[in-house]
Amino acid sequence: MGTGPATAPLLIACALGIEHLALRSGDRGGAGGPVTVLRTGMGPRAAERAVTEALADPALDGAAVLATGFCAGLAPGMHPGDLVVAEETRDPDGTVPCVQTDLLVKELVRAVPGRTVHTGPLTGSDHVVRGHERSELFATGAIAVDMESAATLLSAVRAGERPVAAVRVVVDAPQHELVRIGTVRGGISAFRVLRSVLPAYYEWHRSLLLPRR
């Protein structure tokens, strides 16, 4: 039996332990239904396996899925701590459109005032992107890149029709390439932003439960 709209679950997927820590330490409740924060492990194949397995659980039947964590910005002028709301995720396996992105932007501006929110395509990679490869990806129209969002959302919609979205925090940008997340100012800034985003995710989730007009 499917989960009713009043209790529809939310699956929030991230890859890294530091991302999971940021989300858990910032969680003060307030979602429109049960919430699972899933650490998938790094890379598209790990994300695919973890999300597919998680959504096979009857408790997550019909769950909305939101991919989140850190990303590399591709557009000139991006800074660590900026937010990226994906209009779609894309990788060689496919493109997935995201749902209710305008609402996510509005709620992120409210949750993290003073931070710039960018919207556009979020592309996937199976490795950390550096140097000239960054500009090549930007030329495709993508504004940011990470290793798990595209695989997460593609796995989610393959497991069944559901609302999906992806929000990433820029930790690494064209003028601010990092070496190690935990040892640079950009990483600290991105961590603090990621700690603050859950209220926006919960508002997005609640909006999905409202009757369509």
Side-chain angles (χ1 to χ4, degrees), residues 12-16 18-23 25-28 30 66-90 96-125 128-150 152-153 164-207:
I12 300 173
C14 64
L16 304 176
I18 191 170
E19 296 166 339
H20 192 264
L21 175 62
L23 292 164
S25 62
D27 189 3
R28 292 170 177 80
L66 191 149
T68 195
F70 303 133
C71 71
L74 300 176
M78 281 183 159
H79 295 89
D82 286 1
L83 287 142
V84 172
V85 174
E87 294 175 341
E88 65 181 28
T89 59
R90 53 168 76 156
V96 179
C98 297
V99 172
Q100 298 269 47
T101 55
D102 288 349
L103 178 79
L104 268 172
V105 171
K106 182 181 78 171
E107 293 300 334
L108 286 166
V109 168
R110 181 181 301 176
V112 197
R115 293 292 178 179
T116 301
V117 182
H118 306 267
T119 60
L122 176 61
T123 194
S125 174
V128 175
V129 172
R130 302 238 183 254
H132 69 88
E133 194 175 4
R134 192 190 296 267
S135 58
E136 291 172 359
L137 288 173
F138 181 57
T140 70
I143 63 167
V145 58
D146 75 88
M147 291 197 287
E148 296 84 25
S149 292
T152 292
L153 297 201
V164 294
V167 177
R168 289 277 168 169
V169 183
V170 174
V171 73
D172 173 63
Q175 290 81 30
H176 306 272
E177 285 202 350
L178 62 80
V179 178
R180 246 176 281 158
I181 287 177
T183 59
V184 296
R185 184 174 299 171
I188 295 169
S189 173
F191 180 87
R192 288 173 176 164
V193 172
L194 193 59
R195 283 187 63 182
S196 304
V197 295
L198 280 176
Y201 297 175
Y202 292 163
E203 285 300 322
W204 174 79
H205 183 225
R206 274 196 289 270
S207 78

Are any of the side-chain heavy atoms of Arg134 and Asp172 separated by less than 4.5 Å? yes
First locate atom CD of Glu148, then atom OG of Ser125, and finally report the distance between them rounded to the nearest 0.5 Å. 10.0 Å
Cys14 pairs by side chain to side chain contact (heavy atoms under 4.5 Å, CB included) with which of Leu23, Leu194, Thr152, Leu66? Leu23
According to salt bridge (charged side-chain N to carboxylate O under 4.0 Å, His left out), does anything in residues 71-88 pair up with another residue at least two apart or in another chain? List the pairs. Glu88-Arg90
Smallest separation among heavy atoms of Ala144 and Cys71, with atom names: CB-SG, 3.9 Å
Does any N or O in the side chain of Thr123 come within less than 3.5 Å of the main-chain N or O of Ala142, such that one atom is a donor and the other an acceptor? no
Tell me if a side-chain donor or acceptor on Ser196 pairs with a main-chain N or O of Arg192 at a distance below 3.5 Å. yes
Kindly say whether Leu103 contributes a backbone atom to a donor-acceptor pair with the side chain of Glu107 at under 3.5 angstrom? no
Within the distance-only criterion (no hydrogens, no angle test), does the side chain of Trp204 pair as donor or acceptor with the backbone N or O of Pro199 below 3.5 angstrom? no
Output for pair (Glu203 CD, Gln100 CD), nearest 0.5 Å, gives 11.5 Å
From NE2 (His20) to CD1 (Ile18), nearest 0.5 Å: 13.0 Å
Yes or no on side chain to side chain donor-acceptor pair (under 3.5 Å) for Ser149 and Arg168, after CA distance, side-chain angles and deciding distance? CA-CA 9 Å; Ser149 292; Arg168 289 277 168 169; 2.9 Å; yes
Once you round to the nearest 0.5 Å, how far does NE2 of His205 lie from CD1 of Ile12? 9.0 Å
Can you name the nearest heavy-atom pair linking Met78 to Leu74, along with the distance? SD-N, 3.7 Å
Got a second to check how far Thr116's OG1 is from His79's NE2, nearest 0.5 Å? 8.5 Å
